**Q** 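I'd like to ask you about the structure that follows.
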Amino acid sequence: FAEAYSAHDWARAITVGLEIEGLTPDRSAHQYNLACVFALSGDNEGALDWLESAARVGFSRVGLLATDPDLAAVRGSDRFERAAAAVRRNFHAAQAEVERRFHTAPPLLFLPPGHDPSKPSPVLIALHGFGDRANGTPTQWRRLAAKRGVVLVVPQGVRRAGPGFSWHSADEADTILGLTFDWLDDRVAVDRERVVLAGFSQGGFMAMALGGRHPELFAGVIPVAGGYIQEIDAPQPASGRGGPRFYFVVGSKDDAAPQNRLAAADFTAAGYDVELKVLPGVGHVFPRENRRELRKALEFALGE
């Protein structure tokens with residue numbers, strides 16, 4: 001499906017998409033993908049049929065639905081608006097479940113040595129990769145945060161994925177981020193001008209996406225080996241204050257390296273202060289042997 005989609009072979013994408021949907025008829029993501037390729041093929045009624053079906057089986061990604069260029073041909077129609085309303089209802093129901101699961105497994109909190117609870121502290125929020133857990137946070141983040149006098153907060157996704165958890169979507173990660181800030185405010189005095197969001201792999205993608213959504217919340221963002229889809233994730237122009245600083249880190253042998261180069265160029269063009277570090281000979285792994293690079297990334301993100 002992805003190959004046909006990338007080649008703009010909509011007929012082939014529809015054929016493969018229908019085969020996939022037949023094997024997993026309750027997967028709303030597959031039905032949503034079919035809505036997209038039907039719309040791109042010019043079959044608007046077919047697109048709306050599949051979009052309505054996706055909503056019926058629980059599709060809840062309101063952010064994607066609102067901005068996805070694939071659905072431009074049907075956006076604004078009465079049927080689209082009704083389907084969008086159903087997706088919003090699904091989203092609110094999902095939010096309630098996310099909140100319940102969040103409080104079942106709250107974030108991990110690491111205070112630096114000599115932490116003074118009476119003084120606002122800089123904060124690093126680190127998002128794990130797909131299939132990982134909060135307690136799998138690389139020790140490099142913990143050591144670096146402790147050395148720099150930064151509070152480290154590690155939330156966890158709430159969707160089971162292999163041995164760990166997934167962030168599922170930017171919308172769901174956004175909900176978890178908001179809950180994390182509320183949870184943190186009850187425990188730590190936060191220096192709101194010095195909050196950094198970081199993440200690895202899927203967590204890196206979410207860090208980039210949420211940093212772009214909420215530039216007012218972060219001094220800097222450190223996406224490590226995260227993905228980037230220009231058509232969906234392209235940044236909005238930076239505000240007058242410039243927005244957060246973005247420090248992209250990726251291995252030269254990582255499939256995400258070209259995406260990171262494109263993301264760095266797009267964020268720079270949008271007016272953000274950007275650095276890109278491509279680590280020679282490194283694949284899709286957390287850069288455990290590159291402590292100096294992580295230190296530079298955190299210093300850059302904090303504006304030091």
Side-chain angles (χ1 to χ4, degrees), residues 1-6 9-41 43-75 77-105 128-133 156-176 179 201-203 205-206 209 227 229 231-233:
F1 179 86
E3 182 178 341
Y5 179 90
S6 297
D9 186 348
W10 310 130
R12 176 63 179 159
I14 287 172
T15 298
V16 175
L18 288 171
E19 291 173 356
I20 295 172
E21 197 280 331
L23 295 172
T24 54
D26 60 342
R27 292 291 298 276
S28 63
H30 296 328
Q31 298 188 14
Y32 179 83
N33 288 340
L34 279 168
C36 290
V37 291
F38 267 86
L40 291 166
S41 75
D43 185 348
N44 291 349
E45 292 303 309
L48 290 165
D49 287 343
W50 282 111
L51 184 59
E52 290 169 346
S53 182
R56 281 196 296 272
V57 296
F59 188 78
S60 62
R61 297 183 63 180
V62 292
L64 178 61
L65 181 62
T67 60
D68 196 336
D70 291 353
L71 297 175
V74 297
R75 185 170 285 110
S77 69
D78 289 344
R79 289 183 66 190
F80 179 90
E81 294 304 327
R82 287 195 294 272
V87 171
R88 287 192 292 272
R89 290 193 293 273
N90 293 340
F91 172 71
H92 291 308
Q95 274 189 311
E97 179 61 14
V98 167
E99 184 169 1
R100 184 189 69 78
R101 295 185 185 186
F102 174 89
H103 290 296
T104 299
H128 62 74
F130 181 88
D132 206 346
R133 297 169 178 265
Q156 181 170 279
V158 300
R159 303 265 185 158
R160 281 282 183 182
F165 295 86
S166 162
W167 299 104
H168 181 58
S169 70
D171 291 332
E172 188 159 297
D174 202 346
T175 298
I176 294 171
L179 292 168
S201 192
Q202 188 194 38
F205 163 73
M206 293 302 170
I229 302 173
E231 293 80 6
I232 297 173
D233 305 320

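For clarity, every value in this text was computed on a predicted model and none was experimentally measured.
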**Q** Any idea which heavy atoms bring Asn44 and Ala73 closest together, and the distance?
**A**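 In terms of heavy atoms, the two residues are closest at OD1-CB, 3.7 Å.
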
**Q** Working to the nearest 0.5 Å, report the span between CG of Asp9 and OG of Ser41.
**A**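 One gets 11.0 Å once the value is rounded to the nearest 0.5 Å.
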
**Q** One pair to check against side chain to side chain contact (heavy atoms under 4.5 Å, CB included): Arg133 and His128. What are the steps and the verdict?
**A** CA-CA 6 Å; Arg133 297 169 178 265; His128 62 74; 5.8 Å; no

**Q** Where do Arg89 and His92 land on the side chain to side chain contact (heavy atoms under 4.5 Å, CB included) test, with the steps shown first?
**A** CA-CA 5 Å; Arg89 290 193 293 273; His92 291 308; 5.8 Å; no

**Q** Could you give the distance from CZ (Arg101) to CG (Leu179), rounded to the nearest 0.5 Å?
**A**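 It comes to 13.5 Å.
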
**Q** May I ask you to test the Leu18-Trp50 pair for a side-chain heavy-atom distance under 4.5 Å?
**A** yes

**Q** Looking at Phe59, is its backbone amide N or carbonyl O close enough to the side chain of Asn90 to form a donor-acceptor pair, meaning the two atoms are under 3.5 Å apart?
**A**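 Looks like yes, one N/O pair under 3.5 Å.
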
**Q** What distance do Phe1 atom CZ and Ser6 atom OG have between them, rounded to the nearest 0.5 Å?
**A**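 Result: 9.5 Å between the selected atoms.
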
**Q** Hey, what do you get for NE2 (His30) to CD (Glu19), rounding to the nearest 0.5 Å?
**A**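 Between His30 NE2 and Glu19 CD, I get 12.5 Å after rounding to 0.5 Å.
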
**Q** I need the minimum non-hydrogen distance between Ala161 and Ser166, along with the two atoms involved.
**A** CB-CB, 3.7 Å

**Q** Supply the atom-to-atom distance Phe130 CZ to Arg159 CZ, rounded to the nearest 0.5 angstrom.
**A** 11.5 Å

**Q** Please check this pair: side chain of Gln202 against backbone of Trp167, looking for a donor-acceptor N/O pair closer than 3.5 Å.
**A**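 Side chain of Gln202 to backbone of Trp167: a pair is present.
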
**Q** Grab the two heavy atoms, one from Ala39 and one from Leu71, that are nearest each other, plus how far apart they are.
**A** CB-CD2, 4.1 Å

**Q** Within a strict 4.5 Å, meaning less than it, do heavy atoms of the Thr104 and Val158 side chains meet?
**A**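 SC-SC contact between Thr104 and Val158 ruled out.
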
**Q** Does a side-chain heavy-atom distance below 4.5 Å link Glu45 with Asp43?
**A** yes

**Q** When rounded to the nearest 0.5 angstrom, what distance separates CD in Glu172 from OG in Ser60?
**A**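 The distance works out to 7.0 Å.
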
**Q** Between Cys36 and Asp68, what is the shortest heavy-atom contact and its length?
**A**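 Residues Cys36 and Asp68, closest heavy atoms: SG-OD2, 3.6 Å.
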
**Q** Salt bridge check, Arg79 against Asp49: does any charged N sit closer than 4.0 Å to a carboxylate O?
**A**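 Answer for the salt bridge query: yes.
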
**Q** Do Tyr5 and Asn33 pair up side chain to side chain, a donor and an acceptor below 3.5 Å, judged on atom types alone?
**A** no

**Q** Shortest non-hydrogen contact from Ala86 to Ala55?
**A** CB-CB, 3.8 Å

**Q** Between Leu65 and Phe80, is any pair of side-chain heavy atoms under 4.5 Å apart?
**A** yes

**Q** Do Gln31 and Arg56 touch side chain to side chain, with heavy atoms closer than 4.5 Å?
**A**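 No, side chains not in contact.
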
**Q** Less than 4.5 Å apart, any side-chain heavy atom of Phe165 and any of Asp132?
**A** no

**Q** So which heavy atom on Asp171 is nearest to which on Gly63, and how close?
**A**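 Looking at all heavy atoms of both residues, the closest pair is OD2-N, 2.8 Å.
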
**Q** So do Phe205 and Asp233 actually touch side chain to side chain, heavy atoms under 4.5 Å?
**A** yes

**Q** Does some side-chain heavy atom of Leu64 sit less than 4.5 Å from a side-chain heavy atom of Ser169?
**A**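 No, side chains not in contact.
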
